Amino acid sequence: MLNIGVILALLGAVLAALCAGIGSSIGVGMAGEAAAGVVTEDPAQFSKVLLLQLLPGTQGIYGLLIGFVTLTQIGIMGGSSDISVIKGMLYLVACLPMAFVGYKSAIRQAQASVASIGLVAKRPDQFGKAMIFPAMVETYAILALLISILAIFGIGGLAI
Amino acid sequence: MAENQYLYAVARIRSRELRLLTSPFMEQLAAAPDEAACMRLLREKGWDGGAPEDSDGMLAEEQKKTWGLMQELVKDMSVFDVFLYVNDYHNLKAAIKECKSKNPFTNIYLGQGTVPVEDIQKAIRENDLSILPESMREPAEEGMKALLHTGDGQLCDMIIDRAALEAVRKAGESSGNEFLKLYGELTVAAADIKIAVRASRTGKNRTFLETALVECGTLNLKALTEAALESEEAVAAYLEKTDYSDGALELRKSPSAFERWCDNLLIRRIRPQLHNPFGIGPLAAYILARDSEIKSVRIILAGKRNGLPAEAIRERVRETYV
């Protein structure tokens, strides 16, 4: 029998992993191009620019985490997958913060990383400060992760 | 996003900017005892092209290095056409004059251009202007007529210089990039002001000014023409009412002070690109910064060669980008 609830919940899990993953791949790619430019001229900066390149990659991991937690909650990874349409809809909505914020923040963080890579190219001694600027964007990805996780676990306990 | 096209290139340029000559280094050069000492300092900085005592060769090599780097970084070099049109039109003037003199000229052609020098020479020699880009055909024909029929070299120069400025302005406007647009506007405005000053000094008439001056957004050509016909002081007074009011003071000092101010204005306007991590702007600014430092080094070396005092050289050295 067609279980609309599971389909909706699965859609939420897929969106979280998909959007955040796309955002991160764009972001890591952008920062990687800039990092390669700096390393072409000054190979000694490799470790510093590598860290800056990796920063926009975290959103993809958060998206994966949300997707994984949702799959376990709705029984796709094992257990009962008999959930109502309302509950399925709630799971979908719970995944959206991570999907949207993950996508947008990864790209914005990449732009900050690219700028910071330029900073490191010119003033390698300012690496610590250069890390902080893109790291600030991470705050909002973490907040989205938090709200999605709280919502997903909260929905599990609802008797609807 | 278009701005993401140049991420690698801009990051490399950021590293390269560390190798640009700084104001203290220019000061060191100006204070050096002679040309040989300047050459030694430059070689230590990595300016290693040309024969040991050949300063022109070294400067030409530095210019080649800049364009070589850009060719490595940018697939479609047409984005930099706005900087190269001046060289094309210079080569066009040279080819027309070479054709008239019947003797081959050496070392007057500029290598960096959008049209190969051989094509320009062939087009003029064989009177086959179809080889040239469409925008160059009309000024080439008019310039040839002016020189070959009337023998008026100045008229030929004026026609082609005007076409060059128009090409620069149009290329800047059509680039869709704010920075290149600004470059086009500043180049044309600075040229117009210089033409007005020279015309005023040499007593040129209205027809000359109307032919030579090129339309631009920041100057009112009618007012500039009237001022040039009146006096040099009137040109300075007109400038005070424009975006170039600071230049009026320099214009009153001397023509070379004004030329220096024009170059410095461009450097000041491009300096924000030092903090721009995206787009073509930082690359274009780097090209202009390199041109400017090569110009300053040429001034210093020429000054040293001719025994000018350090103070006189310092007055002519341009501001540095970094």
Side-chain angles (χ1 to χ4, degrees), chain A residues 22-57 103-127 129-137, chain B residues 1-25 45-48 62 65-77 79 179 267 270-287 289-290 293 320-322:
Chain A
I22 291 173
S24 277
S25 62
I26 293 172
V28 173
M30 281 170 66
E33 275 187 59
V38 173
V39 174
T40 307
E41 296 292 332
D42 184 3
Q45 304 307 327
F46 172 72
S47 55
K48 287 177 183 163
V49 295
L50 180 68
L51 282 175
L52 287 165
Q53 186 202 352
L54 292 177
L55 283 176
Y103 175 78
K104 195 68 186 170
S105 68
I107 293 171
R108 285 289 175 185
Q109 193 172 33
Q111 288 172 333
S113 280
V114 168
S116 287
I117 286 168
L119 196 162
V120 168
K122 285 211 155 168
R123 307 186 67 171
D125 56 318
Q126 298 299 314
F127 173 65
K129 288 174 190 161
M131 276 287 282
I132 291 171
F133 301 126
M136 296 301 282
V137 187
Chain B
M1 281 181 285
E3 66 176 16
N4 291 344
Q5 279 178 11
Y6 303 104
L7 291 171
Y8 171 81
V10 174
R12 273 190 76 179
I13 289 300
R14 285 286 102 94
S15 296
R16 288 283 177 132
E17 281 166 0
L18 295 172
R19 299 185 212 165
L20 289 173
L21 304 185
T22 58
S23 293
F25 183 78
K45 270 271 174 189
W47 289 41
D48 47 10
E62 287 306 312
K65 276 187 201 171
T66 308
W67 286 103
L69 175 67
M70 290 302 150
Q71 271 160 354
E72 212 180 300
L73 295 178
V74 181
K75 275 185 203 154
D76 178 15
M77 288 289 284
V79 288
F179 176 76
I267 288 292
I270 66 172
R271 218 168 260 145
Q273 296 300 326
L274 278 171
H275 312 292
N276 176 12
F278 303 104
I280 195 77
L283 309 184
Y286 179 79
I287 295 174
R290 285 280 287 160
E293 70 177 16
T320 54
Y321 180 54
V322 289

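Chain letters run A, B, ... following the sequence lines, proteins first, then strands; residues in each count from 1. Computed from a prediction, not measured in an experiment: that's the story for all the values here.
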Quick check: are there more than 12 heavy atoms from other residues, nucleotides or ligands sitting under 6.0 Å from NZ of A:Lys104? no

Look at atom CZ of A:Arg108 and say whether more than 12 heavy atoms of other residues, nucleotides or ligands are closer to it than 6.0 Å. no

For A:Ala34 and B:Ala11 the tightest heavy-atom approach is O-CB, 2.9 Å

Whether over 12 other heavy atoms sit under 6.0 Å from A:Arg123 CZ: no

So how far is it from B:His275 NE2 to A:Leu119 CG, rounded to the nearest 0.5 Å? 10.5 Å

Please report the closest heavy-atom contact between B:Arg14 and A:Gly118, naming both atoms and the distance. CG-CA, 4.0 Å

Should the heavy atoms of other residues, nucleotides or ligands under 6.0 Å from OH of B:Tyr286 be counted, would the total exceed 12? yes

pair A:Glu41-B:Leu18: side-chain heavy atoms closer than 4.5 Å: no

